[in-house]
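Here is the structure we will look at.
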Amino acid sequence: MRQFKRLKFALHVIAGLMSIAVFSRPASAAERVFLSYGILERSISVSALEAYARTGALDGDLYVYSQYVTPQQLQTLRKALVTRADLSPIAVSQFLYTQQGEILLRRLGEVIQPESRDTGFFAIRGALILASADPEGLTLLNVFRKFPTRGLRIDLQRSLDIAGDFGNLINQTTRATQTIVELARQENTPLPSGNIPDLSVRGAYGFEKETLRLVDRSRGFVQALGRERVFPVDVYLPFARRQALSASVPVVVISHGLGSDRGTFRYLAEHLASHGFAVAVPEHPGSNAKQLQALVDGIVSEVTSPSEFIDRPLDIKYVLDELERRATSDPRYKRLNVKQVGVLGQSFGGYTVMALAGASINFEQLQQSCQPTEIDRTLNLSVLLQCRAAGLPPINYNLSDPRVKAIIAINPIDSVVFGQSSIAQIKTPTLIMAGNADTVAPALPEQIQPFTWLQTRDRFLAVVDRGTHFSALEEGDTPGVPVPPEVIGPSPTLARRYVNALSLAFFSTYIANRSDYRPYLSATYARALSQDPLRLSLVQSLTLAQLDR
């Protein structure tokens, strides 16, 4: 009976598993898809799948399996078979020949194999590239047609092992979220009397935006080989409108994530500027949307260079140097307080702000966690990026900046590149934001557990139930690889509202020295903000023992 249930569950998993392979397609058509489980094996003809996708009719092959799944699951399979990924063969080929692409291919090759039961690594890569070049495009059915052997075998037992690992991670994250929700319910910090303010709405100040072109010629000590670093930065300067501007204007710098640009947090820059902050948003040229597009176009051969782990924090340092210089020569900048700065970053930007706050690259942790056997087993996609830092010379890069007095890290990647010992070095007030449906930088290993490693007294963890890696992002200025709505998740407008409110409360408290904002960094205020479908919880303390329980 247990074997029957596992087989039934395996049939459910296939559609999801193969939608991962929706990045695949090679040559002479496979005629049958074999589903093997130990010594048991059954098969479905590709023609039966084609007929079902085209007409919805179940022939004898497919009818046997249809008894084990719901009508809704069958419709999901039908849609998955013909859903087209709009990726060019150059883009597919470029990615599959990167280190990250080859790691994913090895993982898929354990599950999807030719008839010989050899690894499917090369067959999958060939099928994906050929399918993407076909006029019909990259669809699951077309991948089957291009698979270079007569039969394509899916190892259900290995599929179930991987699905079980995913299930464990999801269950652990769910339990951790429940623990955080319960801890947040126990907190009852009183809010100031009267109406509770909505910190997500625009403030009383106007602002002007200026785009600067910065040229840093001082990068010679990294793998940069003396090259200069040229990058733009948008600066939002507040001005008095309905109330006078402070004589000392607080400064916030925002660092975008991998494959994004400075437009993805435009909404937040405008929001903070309307409340009297000067905001600088640099673009990191080695890990922005243009870099990803260059990979797709075949101009570059890697997602990002290891040196980007050094260049990103140095970009922020150089921006602060430039603001200081202008504060002495440009009347519009003279009010800026560049000695007490807040920085916010998302994903790779989350790494960036933590490095600026004192977390050093942990080469011992990287060596341990980035062994091929470890990488091939991980379900945490962000580790593939973090392990790029292992390509750096293992020296002390001194990336911290004493001007940085408070940080917000949204969906940060940090578990391997920093680890517990480096994160414990952070002494500045820290707010970590996580989405428990993040499949790129999973909340439990990348945000929730690292929060317990923080030793700073002023620390906060905000968890958005059903939030994803993309929930807080606005569409950027540079067209990039499109992200499907299902991956973005529900109600990104609500997620951005949370970011606006919490960022204003946090930076007002720790950068603008406004103690009247401190009560809004509380579970009580988070409950007042929280709405369906993205429920928000905030805690100030969490231990590994509480997570274990």
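It should be emphasised that the depicted structure is a prediction, and the values quoted were computed from it without experimental measurement.
- The backbone N or O of Asp414 lies less than 3.5 Å from a partner atom in the side chain of Glu446, making a donor-acceptor pair.
- A distance of 10.0 Å separates CG in Leu538 from CD1 in Ile180, rounded to the nearest 0.5 Å.
- Using a distance-only test at 3.5 Å, with no hydrogens or angles considered, no donor-acceptor pair links the side chain of Tyr498 to the main chain of Arg535.
- Using cut-offs of 30° and 60° for the angle between ring planes, the His284 and His256 rings count as tilted.
- Looking only at distances, no side-chain donor or acceptor of Tyr236 sits under 3.5 Å from a matching main-chain atom of Leu272.
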Query - Check against side-chain contact (heavy atoms from CB on, under 4.5 Å), Leu237 and Leu336 - result: CA-CA 9 Å; Leu237 297 171; Leu336 271 55; 4.1 Å; yes
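- Donor-acceptor pairing under 3.5 Å is lacking for the side chains of Ser415 and Gln449.
- Looking at Ser255 and Val343, their side chains never come closer than 4.5 Å, going by heavy atoms from C-beta outward.
- Looking at Gln540, its side chain never comes within 3.5 Å of a backbone N or O of Phe460 through a donor-acceptor pair.
- Distance alone, capped at 3.5 Å, places no donor-acceptor pair between the Ser382 side chain and the Ile413 backbone.
- Of the N and O atoms on the side chains of Asn362 and Ser421, at least one donor lies less than 3.5 Å from an acceptor on the other residue.
- Using a cut-off of 4.0 Å between Lys/Arg side-chain N and Asp/Glu carboxylate O, Asp438 and Arg466 are scored as not salt-bridged.
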**Report entry** Criterion side-chain contact (heavy atoms from CB on, under 4.5 Å) on Leu268 and Leu344, from CA distance to verdict
**Finding:** CA-CA 10 Å; Leu268 177 61; Leu344 175 147; 3.7 Å; yes
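- Between the side chain of Gln368 and the backbone N or O of Glu364 there is no donor-acceptor pair closer than 3.5 Å.
- Minimum interatomic distance between Phe277 and Val249 (heavy atoms only, all atoms of both residues): C-CG1, 4.1 Å.
- Considering only heavy atoms from C-beta on, Val341 stays 4.5 Å or farther from Val252 through its side chain.
- By the 30° and 60° cut-offs, the orientation of the rings of Tyr351 relative to Phe348 is tilted.
- Within the 3.5 Å criterion, the main-chain N or O of Asn500 finds no donor-acceptor partner in the side chain of Ser503.
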Query - Stepwise salt bridge (charged side-chain N to carboxylate O under 4.0 Å, His left out) test for Glu308 and Arg229 - result: CA-CA 11 Å; Glu308 196 69 6; Arg229 176 89 159 180; 3.0 Å; yes
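- Within the 4.5 Å cutoff, the side chain of Thr456 has no heavy atoms near those of the Thr428 side chain.
- For Lys427, the NZ atom counts as densely surrounded, since its 6.0 Å shell holds more than 12 non-hydrogen atoms of other residues, nucleotides or ligands.
- A donor-acceptor pair is defined here as one N or O able to donate and one able to accept, closer than 3.5 Å; no such pair exists between the side chain of Arg325 and the backbone of Thr328.
- Under the 4.5 Å side-chain criterion, counting only non-hydrogen atoms from C-beta, Phe506 is not in contact with Leu504.
- Residues Ala176 and Ile448 share a closest heavy-atom pair of CB-CD1, 4.2 Å.
- In this structure, CG in Leu536 is found 8.5 Å from CG in Leu494, a value given to the nearest 0.5 Å.
- The line from CZ of Arg266 to CD1 of Ile254 is 11.5 Å long, rounded to the nearest 0.5 Å.
- Taken to the nearest 0.5 Å, the CG atom of Asn337 stands 4.0 Å off from the OG atom of Ser248.
- Counting only heavy atoms from C-beta outward, the side chains of His469 and Gln346 approach each other to under 4.5 Å.
- The shortest distance between side-chain heavy atoms of Ile410 and Val499 falls below 4.5 Å.
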Requested in this report: Dump the intermediate steps for side chain to side chain donor-acceptor pair (under 3.5 Å) on Ser347 and Asn411, then the final yes or no.
Outcome: CA-CA 5 Å; Ser347 191; Asn411 317 115; over 6 Å; no
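- Atoms OG and CZ, on Ser541 and Arg459 in that order, are 5.5 Å from each other to the nearest 0.5 Å.
- When all heavy atoms of Asn513 and Tyr510 are compared, the pair lying nearest together is OD1-O, 4.2 Å.
- A donor-acceptor contact under 3.5 angstrom links the side chains of Asp216 and Ser218, judged on distance only.
- Around atom CD of Glu210, more than 12 heavy atoms belonging to other residues, nucleotides or ligands sit under 6.0 Å away.
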Requested in this report: Show the numbers, then the answer: is there a side-chain contact (heavy atoms from CB on, under 4.5 Å) between Phe121 and Leu108?
Outcome: CA-CA 7 Å; Phe121 180 99; Leu108 279 174; over 6 Å; no
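- Ring orientation note: the planes of Tyr397 and Phe363 are tilted relative to one another, at an angle of 30° to 60°.
- One finds a salt bridge joining Arg403 and Glu324 here, because a Lys/Arg side-chain nitrogen approaches an Asp/Glu carboxylate oxygen to under 4.0 Å.
- We find the CZ-CG distance between Phe309 and Leu366 to be 8.0 Å, quoted to the nearest 0.5 Å.
- Side-chain atoms of Met354 and Ile407, non-hydrogen and from C-beta on, do get closer than 4.5 Å to each other.
- The two residues Cys370 and Val416 have their closest heavy-atom pair at SG-CG1, 3.9 Å.
- Residues Asn436 and Thr177 bring a donor and an acceptor atom of their side chains to less than 3.5 Å of each other.
- Between Arg213 and Glu228 there is no salt bridge, since no side-chain nitrogen of the basic residue lies less than 4.0 Å from a carboxylate oxygen of the acidic one.
- For the pairing with Leu356, the side-chain contact (heavy atoms from CB on, under 4.5 Å) check across Asp401, Val253, Leu399 returns one residue only, Asp401.
- Nearest heavy-atom pair across Arg262 and Pro232 is NH1-CG, 3.4 Å.
- A donor and an acceptor atom, one from each side chain of Ser508 and Arg514, are nowhere located under 3.5 Å apart.
- Side-chain atoms of Lys317 come within 3.5 Å of backbone atoms of Ser400 as a donor-acceptor pair (strictly under, hydrogens ignored).
- Looking only at distances, no side-chain donor or acceptor of Thr264 sits under 3.5 Å from a matching main-chain atom of Ser260.
- The closest side-chain heavy-atom distance from Tyr520 to Thr509 is not below 4.5 Å.
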Report task. Walk me through it: do Ile426 and Trp453 pass the test side-chain contact (heavy atoms from CB on, under 4.5 Å)? Result -> CA-CA 10 Å; Ile426 296 174; Trp453 303 337; over 6 Å; no
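- Within 6.0 Å of CD on Glu374 lie more than 12 heavy atoms contributed by other residues, nucleotides or ligands.
- Closest of all the heavy-atom pairs between Ile316 and Pro282 is CD1-CG, 3.8 Å.
- Heavy atoms from other residues, nucleotides or ligands lying under 6.0 Å from CD of Glu182 number more than 12.
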